[in-house]
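Sequential numbering from 1 along the given sequence is applied to the chain's residues.
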Amino acid sequence: MSNSVLPVFAGVTLPLQGFKAYKVVSPANALLAAGRRDFYKLVLATGQMTVGHGTETTYLDGTFLLCINPLVPHSVVHHSADNSGYACVFTEAFVASLRRTEKLQHSPLFRVGDSPIIQLTGEQAAFMAGLFRQILAVQQEEYVHKEEVVNNCLALILHEALRVQPPTEASAPPSAAMHLTQRFLGLLERQFPLESLEQQLALRTVQDFASRLAVHVNYLNRCVKEITGRPTSAHLAERLVAEARALLRHTRWSVADIATCLGFAYPTYFNNYFKRETGQTPAAFRKHQV
């Protein structure tokens, strides 16, 4: 029996404009994890594993669908060497592009605070597995309309998930803490990715977010910690470091330019911040990516 924690996805490429599917053949493949936090994940899995989601931890044994929101911290620990299934990662823009599914991205499948786990019967799992296999086959082809085929298959998976486990509290309004947390996370994510040197973060500190949301910083911290299990500063630091790593790895921008775009007054402030969070200077990190 083995316990292996899936590492962070590094250098994911999404050839279908924000989407990629995989076959899960063993825990060592690390197909459930993601590096950039703008990826949603759907995983059809069979086996024994422990799923951490926010402040909750659930042990699973059987076949289930995991619907993971990138804004909520999560982890997967395998307890079986023969776990199997399928997985796909996709951006919010890809979800928004799905035909006839405009409301799916706001459904309980992807809402912050909802359980990401849907237990499946053999018949339900077989239906979804067939759709995943179709996606895998089509994404390797040169068919000119393959994105439309993938869209349709993913939409069917999402609709089947809603049919199997419909919302139980659709009419219940979100709590004040939940609503504020969703607004904070939305503001944070909308600042990224940085795609030109003309862009610069408008909201750089927790106080900046509190001011934009018109709440006291202590109240914002308390709400975010209550809903996600992590302080506001941790979400901000993780997102800043993820963007810094992406820019260092995938652009030729100078460290000084990256520091400016990320809202640091001086490159030395950025150097110290990045080293404190990662254990490396920006220059050392970039050197090891070559």
Visitor: Before you tell me yes or no, could you show the steps for Leu65 and Val43 under side-chain contact (heavy atoms from CB on, under 4.5 Å), namely the whole-Å CA-CA distance, both residues' side-chain angles and the distance that decides it to 0.1 Å?
Guide: CA-CA 6 Å; Leu65 186 72; Val43 184; 6.0 Å; no

Visitor: When you look at His159 and Arg163, which way does the side-chain contact (heavy atoms from CB on, under 4.5 Å) test go after all the steps?
Guide: CA-CA 6 Å; His159 279 298; Arg163 188 181 70 81; over 6 Å; no

Visitor: Please walk me through it: do Asp257 and Ser254 pass side chain to side chain donor-acceptor pair (under 3.5 Å)?
Guide: CA-CA 5 Å; Asp257 285 337; Ser254 69; 3.2 Å; yes

Visitor: What I'd like to find out is whether the side chain of Gln200 reaches to under 4.5 Å of the side chain of Thr260, using heavy atoms alone.
Guide: yes

Visitor: Just by distance, do the side chain of Gln124 and the backbone of Thr121 share a donor-acceptor pair under 3.5 Å?
Guide: yes

Visitor: I'd like to know whether Phe132 forms a side-chain contact (heavy atoms from CB on, under 4.5 Å) with Ile157, so could you lay out the CA-CA distance, the side-chain angles of the two residues, the decisive distance to 0.1 Å, and finally the verdict.
Guide: CA-CA 8 Å; Phe132 271 103; Ile157 292 171; 3.7 Å; yes

Visitor: For Phe90 and Leu42, what are the C-alpha separation, side-chain angles and deciding distance, and is it a side-chain contact (heavy atoms from CB on, under 4.5 Å)?
Guide: CA-CA 9 Å; Phe90 47 92; Leu42 281 178; 4.0 Å; yes

Visitor: With heavy-atom distances below 4.5 Å as the criterion, would you say the side chains of Leu240 and Leu201 are in contact?
Guide: yes

Visitor: Measure the shortest side-chain to side-chain distance between His288 and Gln280 over non-hydrogen atoms and say whether it is less than 4.5 angstrom.
Guide: yes

Visitor: Give me the atom names and distance for the closest heavy-atom approach of Gln199 to Pro193.
Guide: NE2-O, 3.6 Å

Visitor: Would Thr205 and Asp208 count as a side chain to side chain donor-acceptor pair (under 3.5 Å) here? Give the steps.
Guide: CA-CA 5 Å; Thr205 68; Asp208 291 339; 3.2 Å; yes

Visitor: Is the CD atom of Glu141 crowded by more than 12 outside heavy atoms at less than 6.0 Å?
Guide: yes

Visitor: Taking all heavy atoms of Ser196 and all of Cys261, pick out the closest pair and write down the distance.
Guide: O-SG, 4.1 Å

Visitor: Answer with yes or no after comparing the ring centroid distance for Tyr269 and Phe264 against a 6.0 Å cut-off, counting only values under it.
Guide: no

Visitor: Are any non-hydrogen side-chain atoms of Leu203 and Leu188 less than 4.5 angstrom apart?
Guide: no

Visitor: Is the shortest side-chain heavy-atom distance between Leu220 and Leu213 below 4.5 Å?
Guide: yes

Visitor: Are Tyr273 and Phe270 near enough that their ring centres are under 6.0 Å apart?
Guide: no

Visitor: Is the shortest side-chain heavy-atom distance between Asn221 and Val206 below 4.5 Å?
Guide: yes

Visitor: Looking at Gln134 and Val149, what are the two nearest heavy atoms and their distance?
Guide: NE2-CG1, 4.2 Å

Visitor: For Phe209 and Phe184, take the angle between the two ring planes, folded into 0 to 90°, and tell me which bin it lands in: parallel under 30, tilted 30 to 60, perpendicular over 60.
Guide: perpendicular

Visitor: Would you call Tyr86 and Met128 a side-chain contact if the rule is heavy atoms closer than 4.5 Å?
Guide: no

Visitor: Taking only Lys NZ, Arg NE, NH1 and NH2, and the carboxylate oxygens of Asp or Glu, determine whether Glu226 and Arg222 approach each other closer than 4.0 Å.
Guide: no

Visitor: So, Thr268 and Asn271: side-chain donor and acceptor under 3.5 Å apart, yes or no?
Guide: no

Visitor: I'd like to check Phe274 versus Asn272 (side-chain heavy atoms, cut-off strictly below 4.5 Å). Are they in contact?
Guide: no

Visitor: So which atom in Arg286 and which in Leu248 form the shortest heavy-atom distance, rounded to 0.1 Å?
Guide: NE-O, 3.0 Å

